[in-house]
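To start, the structure itself, in structure tokens.
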Amino acid sequence: MSRIASVFEKQNHKAFIAYVTVGYPSMWATLQAVPLLAECGCDIIELGIPFSDPLADGTTIQKASFDALQNGVTPETCLEVAQKLRLKTDVPLVFMSYYNPIFHYGVEKFCAQCEQVGVDGLIIPDLPPEEGTELGEATQKHGLDLVYLLAPTSTDERTRLIAQKSSGFIYLVSVTGVTGARAALPQELSSFVARVKKATDKPLCVGFGISTPEQAKQVVGIADGVIVGSRIIQLLESGYSLDSLRKFATELRAALD
Amino acid sequence: MKQPERFNGYFGDYGGKYVPETLMPALDELEKAYYEAMSDSAFLSELESMSHYYSGRPTPLYYARRLSEQCGGAKIMLKREDMAHTGAHKINNALGQGLLAKRMGKQRIVAETGAGQHGVASACVCAMLGLDCIVYMGTEDVHRQALNVFRMELTGSKVVPVDAGSKTLKDAINEAIRDWVTNVETTHYLIGSAVGPHPYPIMVRDFQSVIGNEARQQILDDYGRLPDYIVACVGGGSNAIGIFHPFIDDADVNLIGVEAGGRGLDTKDHAAPLAAGSPGVLHGAKSYLLQDKNGQVMETHSVSAGLDYPGVGPEHSYYKDTGRATYLAVDDEQALEGFRMLFKTEGIVPAL
């Protein structure tokens with residue numbers, strides 16, 4: 001069983017998935033923040049590989065990507081960071097990357113490297129399953145989960161396709177829109193989740209726009225896990241002090257339990 | 001060589017739909033609506049009628065006698081897209097997609113623009129069709145092209161400055177896509193070049209093919225033969241694909257695409273992905289791309305704001321690989337020399 005699958009095997013446990021952009025605000029911060037998040041009860045960590053044109057992201061993650069690129073972060077350094085993190089923690093690590101950096105690195109070579117350094121899966125926001133044949137084969141060969149995204153606009157036919165192709169879990173995009181903290185959850189979320197549940201038994205985790213323990217608690221009332229990104233980036237933004245991050249992660253974990 | 005009418009969205013290895021899942025159903029809907037419209041004689045006759053009465057088509061094929069003499073080689077004909085409404089070929093695509101959006105019941109249009117030509121064309125078509133129009137434009141371009149911003153605003157369109165990244169066309173496209181992802185149910189994205197996810201590259205090509213269809217008929221009528229060469233500039237490549245496509249099966253017609261060489265291909269300051277880039281994925285399609293060794297998209301430079309883009313339409317990438325078209329680059333100085341020469345010999349104002 002993959003490290004990611006075992007997260008969803010735990011009884012009466014809801015998954016807390018956190019996103020950090022590698023190298024934002026610094027490489028040091030990433031190396032500190034990830035083990036800290038794991039210690040505070042985070043079940044899976046998404047490591048964002050920065051890209052010059054993050055068209056599915058709102059302003060918070062756009063800025064983090066831009067700054068990380070300024071800090072010299074490359075796919076190669078992301079693999080190195082993952083390797084260092086793997087020595088410190090057993091928490092499942094998933095790369096979140098736009099397709100081009102991986103395509104340019106070489107799909108097979110990248111997946112082989114991921115396996116070698118102990119990365120567990122990939123999430124590619126601009127890669128629908130129709131374009132995922134090559135990456136699907138490489139991830140399977142190297143024992144990586146390839147997590148696909150579902151959106152509120154997905155038709156029933158597409159929901160079935162994605163449910164079939166996605167491994168590890170399915171990433172439900174809560175809103176039609178880009179990443180970023182929002183004041184309230186969309187009203188249609190529960191009917192969207194219910195619709196997907198009819199099509200699959202795979203774990204469903206909801207992301208985009210979830211920023212408070214209260215929102216997270218509401219989400220896990222209907223889904224298997226919650227993904228928090230922009231809020232965590234905002235907490236890292238405020239400096240190298242990790243206390244606010246610890247407090248937030250602890251509160252969010254408590255809200256889920 | 002010609003692609004079948006209904007195909008999977010790939011020109012050889014290039015094209016595809018590399019977009020967030022949220023947009024996939026919208027692309028399917030658009031593809032379906034597009035094919036339906038193009039087989040509906042009422043839509044086609046409205047497009048043809050508006051191309052004439054609104055855009056001013058057909059544009060002339062003009063024999064540039066003094067320019068030909070000065071160059072001392074070929075007889076040079078100019079397809080006068082500068083004489084189309086709003087001053088460029090951009091109106092052909094804006095009109096086609098505007099009519100399609102209206103037919104699909106989409107009341108809100110988003111568009112991106114670099115130099116402002118596509119933004120002005122979209123804004124005018126939206127005014128004429130009574131659609132709401134939002135144009136994303138890099139802050140750098142907003143300043144460089146203030147007159148076009150003013151024109152767009154006069155039509156009632158909203159121009160949104162984009163401050164992210166390089167603050168130019170590439171970033172305006174990112175922001176237009178973000179808007180589309182957010183408002184996809186009510187909004188059509190009117191992309192301005194033969195780039196983006198399927199079906200945009202074929203749709204834009206088809207709306208721009210009016211250029212080549214007219215030119216082919218005009219040269220046959222006036223000279224009783226086809227040309228030896230067709231030369232067109234390539235940024236995203238919509239005007240080039242529009243004139244190339246009707247000649248694709250004419251093996252004796254050489255197709256030459258000219259990219260922006262900026263300060264030279266041996267520098268980083270150019271916008272010539274076919275001449276000096278490598279395959280990659282940007283804005284929804286796999287195509288040649290200017291990228292660094294880590295797969296990050298590079299910033300570009302050209303004296304021509306209209307060509308200042310790191311990607312290119314996937315069909316051009318295919319023709320480069322198959323050799324059906326030849327792509328080369330001219331640098332800023334060469335382009336300016338041509339610009340001045342055309343002014344002096346013919347009194348014609350070329351776009352830059």
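Per chain, numbering begins at 1; letters A, B, ... match sequence-line order. Only a predicted model underlies this, so the values are computations on that prediction, with no experimental measurement involved.
Checked by atom type, the side-chain pair A/Ser154/B/Glu21 shows a donor-acceptor distance below 3.5 Å. In the model, B/Tyr189 has no side-chain atom that pairs as donor or acceptor with a side-chain atom of B/Gln97 under 3.5 Å. Side-chain contact of A/Glu131 with B/Tyr10: a donor-acceptor pair under 3.5 Å is present, judged by distance alone. Remark: the B/Ser317 side chain and the B/Ser287 side chain contain an N/O donor-acceptor pair separated by less than 3.5 Å.
Taking all atoms of both residues into account, the shortest heavy-atom contact from B/Asp13 to B/Lys286 is O-CD, 3.5 Å. Residues B/Thr182 and A/Gly177 come closest through the heavy atom pair OG1-CA, 3.6 Å.
For a residue to count as touching a neighbouring chain, one of its non-hydrogen atoms must lie under 4.5 Å from one of that chain's; by this rule B/Ser278 touches chain A with the side chain only. Of the atoms belonging to B/Asn183, not a single heavy atom falls under 4.5 Å from chain A. Only the side chain of B/Glu185 has a heavy atom closer than 4.5 Å to any heavy atom of chain A. Only the backbone of B/Lys293 comes within contact range of chain A, with at least one heavy atom under 4.5 Å from a heavy atom of that chain. Only the side chain of A/Ile162 comes within contact range of chain B, judged by heavy atoms closer than 4.5 Å. Interface remark: A/Leu69 contributes side-chain atoms only to the contact with chain B (heavy atom separation under 4.5 Å). The part of B/Val184 that comes within reach of chain A is its side chain, from C-beta onward, which places non-hydrogen atoms under 4.5 angstrom from that chain. Contacts of A/Pro101 with chain B are made by both backbone and side-chain atoms, with heavy-atom separations under 4.5 Å.
B/Lys32 has a carboxylate O that lies under 4.0 Å from a charged side-chain N of B/Glu36, or vice versa, which qualifies the two as a salt bridge. Using a cutoff of 4.0 Å between basic side-chain nitrogens and carboxylate oxygens, B/Lys17 and A/Glu130 are not scored as salt-bridged. For A/Asp156 and A/Arg195, the salt-bridge test passes: some basic side-chain N is under 4.0 Å from an acidic carboxylate O.
Interface summary for chain A: among B/Gly16, B/Ser166, B/Ala164, B/Pro25, the most heavy-atom pairs under 4.5 angstrom belong to B/Pro25.
Residues of residues 48-61 of chain A that come within less than 4.5 angstrom of chain B, heavy atom to heavy atom, are A/Pro50, A/Phe51, A/Ser52, A/Asp53, A/Pro54, A/Leu55, A/Ala56, A/Asp57 in numerical order. Residues of residues 106-114 of chain A never come closer than 4.5 Å to chain B when only heavy atoms are counted.
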Test side-chain hydrogen bond (donor to acceptor under 3.5 Å, both in side chains) on B/Asp308 and B/Ser302; report intermediate values, then the result.
CA-CA 5 Å; B/Asp308 206 352; B/Ser302 170; 5.9 Å; no

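The aromatic rings of A/Tyr99 and B/Tyr18 sit parallel, their planes meeting at an angle under 30°, below the 60° perpendicular limit.
Distance check: B/Met137 CE to B/Thr168 OG1 gives 11.0 Å after rounding to the nearest 0.5 Å. Distance CD1/B/Ile173 to NZ/B/Lys170: 10.0 Å, rounded to 0.5 Å.
Under the 6.0 Å cut-off for aromatic ring centres, B/Tyr288 and B/Tyr14 qualify, their centroids lying closer than that.
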